[in-house]
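The structure appears right after this line, and notes come after that.
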Amino acid sequence: MRLSKYLVPTLREDPAEAEIVSHRLMLRAGMIRRTAAGIYSYLPLGLRALRKVEGIVRTEMDRAGALEVFLPVLSPAELWRETGRWDVYGKELMRVRDRHDREFCLGPTHEEVITDLVRRDVRSWRQFPVNLYQIQTKFRDEIRPRFGLMRGREFGMKDAYSFDRDEAGAEESYRAMFAAYTRIFERCGLRFKAVEADSGQIGGSFSHEFMVLADTGEDAVVTCTACGYAANLEKAQVAAPGPAAANVALPFTRVATPAKRTVEEVTAFLGLGADRLVKTLLFDAGGEVIAVLVRGDHQVNETKLKNHLGGREVTPATPAQVEKATGAPVGFAGPVGLTGVTIHADRHVEALANFVVGGNQADTHLVDVCHGRDFAVAAWADLKSAEPGDPCPKCGMPLEIVRGIEVGHVFKLGTKYTQAMQATYLDEQGKEQVSIMGCYGIGTGRTVAASIEQNNDADGIVWPLPLAPFPVHLVTLSETDAAVRSEAQRLVADLEARGIEVLWDDREERPGVKFKDADLLGMPLRVVIGGKSLARGVGELRVRRTGEKSEAPLAALAETVARLLATLG
Ligand code: ATP
Ligand code: MG
């Protein structure tokens, strides 16, 4: 491809709209342009990188036995009503009406559409397992689209859906997809981690997210370097602390804490550490007000709380609910004498004795309170958010928290959709059974962006060979020199005959401009042919990642390029 005939509008300056490096570089390298908030157009170079990701995804999905389909973008509301998601999906679901006033949405994901397809055409046990996938445009009206392709409203996704006859089959399908995802991200040249993710824990469901490690990642990943445990912060467990402290036989006392509501205010006033105070937080759990106790220096993890409560939706209680339940203004809730409210407590509270709690009375706290003696806990559970240094749930060593970009998600769904939509089949006895489902997504555009987050330097992108729009960037100097041009043409033909794609900068630009652009665009190998090198009968090579330079005789140039690329890939 000749750059003079290609559309690669590079930018010298950093665009103001871009906050993270991948977004900035994709704009500067002329890969993408913003059409509207969270909606991007791919220019030729960006599309090439996307196609590389799609190619790897497609090969590995096919290899894993999945079958490619192509589902519509518009999906009818009726299907979404069958599962109840038309009402619960919320504002991310882009709803539209046709000329007959019929309701549709722009598919944010395709469980309903695929389940409808499968329930009609997969009717016998003999047809299982089935795994269908597509590479399609999704639409989600994200509240905060940002970071370019990273969190768009319209974006590319590979989504796959497996259907099995039984649990064992569903687990096998899940394992196959987990393995395929591992191969896909390895082949993309990414540094990533598969982490346990929240799945709501209903009906034998489980889930992993594939996280590309990058400081700009929107997700927090809890990891243990000692044993390899890794989980999304939403789900990460924390080992229970040591045995419960023995109660000291001091009775509790009531102390005045005028206008001291927050943990900081109360502990500063009493001259105690936050780990000696127990916070009493009230939640609305599906209509019932409950109390949750955590240490003053800990945070309640609402996802863990929700799972602990069997999947009930939890939201912080309103001030009115707090005042009604405790008889005191917000800031003074406590477990002692709290009637009619079930108390759930984090395991770290179990290890405490003689702690401070709110007094259920304005401007009052209780000091030297002990659980069991002064109040009863209905259930102990791991309810705190994991923090760096917390003990690993698997091996007890200190946990770390790193940032990650979620590029893929595998989910064993169970029968959530197949039950609701009656996707049944006839088993060997001719009995009707509901099939068991899994779903598996990869953000294709996000994967391109994530790769750039991990592969760049001050001069621009540093493509890993598998995703590079072109493996070779040929720069010719002195375009008017016929010998240079014909040598370049010969090299391009030779490389293309070997299946190596070349981006040839044949523009009449100064060498400095060409070299800067070559660094910005970031193809793995740069080859220079100019009047001077030609006179010496050589071409010059430079590896983008290492800056390593070499020369090769013109006659052996294509051969050398192929050999060098093999060492890069
Ligand atoms: P996130 O938590 O980042 O919003 P999600 O859990 O909503 O992701 P899934 O529904 O599992 O994502 O979608 C599968 C994949 O699609 C994700 O792993 C991610 O790679 C990609 N993806 C999701 N939302 C977006 C988006 N707004 N822009 C680009 N890619 C996205
Ligand atoms: Mg999302």
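Side-chain atoms are counted along with the backbone in the values below, which use heavy atoms only and exclude waters and symmetry mates. Both counts, for ligands and for their atoms, begin at 1 and track the order of listing.
The closest approach between G152 and ligand 1 falls below 4.0 Å for a heavy atom of the residue. Residue contact annotation: T109 has no non-hydrogen atom under 4.0 Å from ligand 1. Not a single heavy atom of R153 sits under 4.0 Å from any atom of ligand 1.
Remark: D215 CG is loosely packed, at most 12 non-hydrogen atoms of other residues, nucleotides or ligands lying under 6.0 Å away.
In terms of polar-atom proximity, defined here as any N/O pair under 3.5 Å, D219 makes no such contact with ligand 1. Between M157 and ligand 1, a contact under 3.5 Å exists for no N or O pair. Checked against a 3.5 angstrom limit, the closest N/O atoms of F155 and ligand 1 fall outside it.
Under the 30°/60° scheme for interplanar angles, the aromatic rings of F178 and F210 are found to be tilted.
Residue L149 touches ligand 1 through its backbone alone, judged by heavy-atom distances below 4.0 Å.
Applying the 4.0 Å criterion to heavy atoms of G408 picks out, from ligand 1, the atoms 18 (O). Atoms of ligand 1 lying under 4.0 Å from at least one heavy atom of E142, given by number and element, are 24 (N), 26 (C), 27 (N). If you number the atoms of ligand 1 from 1 as listed, the ones under 4.0 Å from a heavy atom of V407 come out as 18 (O), 20 (O).
Nearest heavy-atom pair across R24 and P15 is CG-CD, 3.9 Å.
With W86 as the aromatic partner, R95 meets the cation-pi criteria of under 6.0 angstrom to the ring centre and within 45 degrees of the ring axis.
Using modelled atom types and a 3.5 Å distance limit, the side chains of S207 and H409 yield a donor-acceptor pair.
To the nearest 0.5 Å, atoms NE2 (H110) and CG (L71) are separated by 5.5 Å.
Distances from atom 3 (O) of ligand 1 to the heavy atoms of R151, E92, E218 show the closest one on R151. Considering each of E406, E209, R146, the one bringing a non-hydrogen atom nearest atom 12 (O) of ligand 1 is E406.
Between the side chain of E302 and the backbone N or O of E313, no donor-acceptor pair lies under 3.5 Å.
Using a 4.0 Å cut-off between charged nitrogen and carboxylate oxygen, E218 and R146 count as a salt-bridge pair.
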